[in-house]
Amino acid sequence: MENHKIVSHEEWLKDRVAFLKKEKEFTRLRDELSEARRNLPWERVEKDYVFEGPNGKESLSQLFGNKSQLIIYHLMFHPNWEAACKSCSLIAESFERNIVHLNQRDVTMIAVSRAPLAKLEAFKKRMGWTFKWVSSGGSDFNYDFHVSFTPEQLAKEIYYNYAVEKKSSGEERPGLSVFYKDKSGSIFHTYSAYERGLDAMMAVYQYLDVAPKGRDEADQKPHPMAWVRLRDSYGS
């Protein structure tokens with residue numbers, strides 16, 4: 001950082017304006033990608049999934065509330081864990097206060113995990129979160145949407161992020177799934193994303209990307225997000 005190029009204001013402005021052209025092209029390409037994503041075909045959800053939430057047992061249809069679009073963040077929380085995944089919690093911090101705004105655009109957003117509801121509620125209180133969080137522990141939901149895996153699957157192969165992985169570890173993986181419910185009550189799976197496909201969902205990274213040091217994760221082991229802690233665990 002100490003050896004970074006320093007220039008006059010005029011040269012700084014010249015380079016910034018030139019870079020703006022690249023930023024505008026990126027924005028245009030992102031808009032095209034977003035439109036293409038919305039135009040992808042859908043698949044009908046045939047299975048009747050049941051979740052446990054603050055209001056008791058709820059079907060997938062009931063999770064929509066009075067909206068026609070439902071975004072589910074698959075927040076990693078194994079039934080045997082005492083706390084949720086730190087990286088997933090970072091993503092949760094990003095959508096926590098945005099749900100009220102999503103509601104204005106006919107979108108419900110919630111989190112789903114396999115841990116029992118009592119653990120979800122306790123952790124939610126600890127983090128100060130307000131979004132709806134339900135347990136899928138009594139259903140195949142997490143397995144069907146490829147974010148949870150049995151020990152038997154892990155010993156052989158799993159299907160995650162649209163690819164087969166041989167002899168993997170980790171029964172829980174992060175993901176996001178989107179659904180649409182039509183006027184007849186039929187539900188369709190429209191989109192799912194995993195791994196770096198969730199990158200844009202983390203607001204903190206969008207800010208780090210414009211900071212001089214960027215994400216600054218080259219020295220992080222065993223993975224780039226090793227620096228992340230729960231919001232109450234960073235210390236001073």
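We're numbering straight along the sequence, starting at 1. As the structure is a computational prediction, the values presented were derived from the model and not from experiment.
Distance alone, capped at 3.5 Å, places no donor-acceptor pair between the Ser139 side chain and the Tyr49 backbone. Here the side chain of Gln220 pairs a donor or acceptor atom with the backbone of Trp227 at under 3.5 angstrom. Listed for the Thr108 side chain is a donor-acceptor partner under 3.5 Å among the backbone atoms of Phe64. Of the possible donor and acceptor atoms, one in the side chain of Asp106 sits under 3.5 Å from a partner among the backbone N and O of Ser68. Side chain of Lys156 to backbone of Lys166: no donor-acceptor contact under 3.5 angstrom is found. Between the side chain of Asp182 and the backbone N or O of Gly185 there is at least one donor-acceptor pair closer than 3.5 Å. The backbone N or O of Arg229 sits less than 3.5 Å from a side-chain atom of Tyr234, completing a donor-acceptor pair.
A salt bridge is absent between Lys167 and Glu157; no separation between the charged side-chain nitrogens and carboxylate oxygens falls under 4.0 Å. Of the charged side-chain nitrogens involved, at least one lies within less than 4.0 Å of a carboxylate oxygen, so that Asp199 and Arg196 count as a salt-bridged pair. Of the charged side-chain nitrogens involved, none lies within less than 4.0 Å of a carboxylate oxygen, so that Lys22 and Glu25 do not count as a salt-bridged pair. Here Glu121 does not pair with Arg126 in a salt bridge; the nearest charged N to carboxylate O distance is not below 4.0 Å. Between Glu10 and Lys14 there is no salt bridge, since no side-chain N of the basic residue sits under 4.0 Å from a carboxylate O of the acidic one. Taking the charged nitrogens against the carboxylate oxygens, Glu35 and Arg30 have no contact shorter than 4.0 Å, which rules out a salt bridge.
To the nearest 0.5 Å, atom CG of residue Asn98 and atom CG of residue Leu102 are 6.0 Å apart.
Judged by distance alone, the side chains of Thr130 and Glu96 do bring a donor and an acceptor atom under 3.5 Å apart. Defined by atom type and a distance below 3.5 Å, a donor-acceptor pair is present between the side-chain atoms of Glu172 and Ser148. Residues Arg44 and Ser186 have side chains that bring a donor and an acceptor to within less than 3.5 angstrom of each other.
Within the cation-pi definition used here (under 6.0 Å to the ring centroid, within 45° of the axis), Arg215 qualifies as a partner of Tyr205. Geometrically, Arg173 does not engage Tyr194 in a cation-pi contact defined by less than 6.0 Å to the ring centre and at most 45° from the axis.
The aromatic rings of Phe149 and Tyr160 sit perpendicular to each other, their planes meeting at more than 60°, with 30° as the lower class boundary.
Taking the side chain as every heavy atom from C-beta outward, Asp15 and Val7 never approach each other to under 4.5 Å.
Taking the centre of each ring, Phe145 and His189 come in below the 6.0 Å mark. Aromatic pair Phe179/Phe188: centroids not less than 6.0 angstrom apart.
In the displayed structure, Asp232 atom CG is contacted under 6.0 Å by more than 12 heavy atoms of other residues, nucleotides or ligands. Arg105 CZ: 12 or fewer foreign heavy atoms inside a 6.0 Å radius.
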